[in-house]
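Source: prediction; values computed, not measured.
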Amino acid sequence: MCAERLRLYLAGGTPPGTTHAYPGCRDPRPLHRSVGCLLTGGVYFATESSVWGGGRAFYDPELPGPAAACAHLISAGQFADLTAQEMYREPGADLDLRPVLAAGRHELGPGRYETLLHVGDREGSPMLTFTAPWQAAQVDWVAPSAGYLRVLRAGLGEAHGWDAGRAGRYLATLPGAQGRWTAAAISSL
């Protein structure tokens, strides 16, 4: 959700607090537009991020929610390159989006962010995201790192106008963070 974080995926660069350099998209143009939204389902933290340490955020449409999100108007090529970078691959190959648009879900592979979901439409454009092929109940939850939570909290502020307290309360309730992070601790990051 954090615009600066997404800018690094588009134009390339290294997020503050990490050592991982993203190559950027073939089309590095900035976002056309962004708007906060709420999705049916929820977010949880699992697996271990080699970039941030701690758990990664995943979307599960079957979890209770809602899931706070941000819809970014980007090109299909930018979406393909962003997906590749999340899998630590070089960008450059287009994705055939017809299967996910037709079925609502399409697994590109077994990787952690290789399941594409069509989560709705907004102003005539499909809203697509990627997540893991498993559901939240099928994997061990892993607490996210402070640096990762700081970026998520900033994104919630940008996308939804939430202050640090509200963002902290939301993030502290998510599986993986719940019981490991308090709302106050997240708010103070």
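Within the 4.5 Å cutoff, the side chain of Leu10 has heavy atoms near those of the Cys25 side chain. Taking 4.5 Å as the limit, every side-chain heavy atom of Pro144 sits out of range of all side-chain heavy atoms of Arg56. Contact check for Leu174 versus Tyr44: no side-chain heavy atoms found under the 4.5 Å cut-off. Two residues are said to be in side-chain contact when any heavy atoms from C-beta on lie closer than 4.5 Å; Asp81 and Asp27 fail this criterion. The shortest distance between side-chain heavy atoms of Arg180 and Trp141 does not fall below 4.5 Å. Within the 4.5 Å cutoff, side-chain heavy atoms of Leu95 are placed close to those of Leu116.
Annotation: the span from Cys70 atom SG to Leu38 atom CG amounts to 11.0 Å, rounded to 0.5 Å. We find the OG1-CZ distance between Thr131 and Arg105 to be 8.0 Å, quoted to the nearest 0.5 Å. Of the inter-residue distances, the one linking Asp140 atom CG with Thr47 atom OG1 reads 11.0 Å to the nearest 0.5 angstrom. In this structure, Leu73 CG and Leu31 CG are separated by 8.5 Å, a value rounded to the nearest 0.5 Å. Here CG of Asp121 is found 8.0 Å from CE of Met127. Values are rounded to the nearest 0.5 Å. Taken from CG in Leu152 to CE in Met1, the straight-line distance is 6.0 Å, to the nearest 0.5 Å.
Judged purely by atom type and a 3.5 angstrom limit, Ser49 has no side-chain atom pairing as donor or acceptor with the backbone of Gly55. Between the side chain of Trp52 and the main chain of Gly17, no donor-acceptor pair closer than 3.5 Å is present. Side chain of Gln78 to main chain of Arg29: a donor-acceptor pair is present (N/O by atom type, distance under 3.5 Å, no hydrogens or angles). Between the His160 side chain and the Ala69 main chain, a donor and an acceptor come within less than 3.5 Å of each other. In this structure, Gln135 contributes its side chain and Asp60 its backbone to no donor-acceptor pair below 3.5 Å. In this structure, Arg153 contributes its side chain and Ile186 its backbone to a donor-acceptor pair below 3.5 Å. Between the side chain of Arg150 and the backbone N or O of Ser145 there is no donor-acceptor pair closer than 3.5 Å. Between the side chain of Ser34 and the backbone N or O of His72 there is no donor-acceptor pair closer than 3.5 Å.
Of all the heavy atoms in Gly42 and Ala67, the pair that sits closest is CA-CB, 3.9 Å. Leu171 and Leu156 make their closest contact through CG-CD1, 3.8 Å (heavy atoms, listed as atom of the first residue, atom of the second, distance). Nearest approach of Ser187 to Gly165, heavy atoms of both residues: OG-CA, 3.4 Å.
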For this session: For Arg5 and Glu158, run salt bridge (Lys or Arg N to Asp or Glu O under 4.0 Å): C-alpha distance rounded to whole Å, both residues' side-chain angles, the deciding distance at 0.1 Å, then the answer.
Result: CA-CA 12 Å; Arg5 177 85 167 101; Glu158 292 172 13; over 6 Å; no
Exercise. Can Cys2 and Arg7 be said to form a side-chain contact (heavy atoms from CB on, under 4.5 Å), step by step?
Worked result: CA-CA 9 Å; Cys2 180; Arg7 187 192 66 75; over 6 Å; no
Problem set entry | Pair Arg26-Asp94, salt bridge (Lys or Arg N to Asp or Glu O under 4.0 Å): steps then yes or no | CA-CA 10 Å; Arg26 293 168 285 173; Asp94 288 331; 2.8 Å; yes
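Between Glu123 and Arg33, at least one side-chain nitrogen of the basic residue sits less than 4.0 Å from a carboxylate oxygen of the acidic one, meeting the salt-bridge criterion. Salt-bridge formation is not detected for the pair Arg112/Glu114: no Lys NZ or Arg NE/NH1/NH2 atom is positioned less than 4.0 Å from an Asp or Glu carboxylate oxygen.
A perpendicular orientation is assigned to the rings of Tyr170 and Trp162, their planes being inclined by more than 60° (bins at 30° and 60°). Aromatic ring orientation, Tyr22 versus Tyr9: tilted (interplanar angle from 30° to 60°). Between Phe45 and Tyr148, the ring planes are perpendicular. Angles over 60° get that label, and only those under 30° would be called parallel.
Ring to ring, Tyr113 and Phe58 are close: their centroids are under 6.0 angstrom apart.
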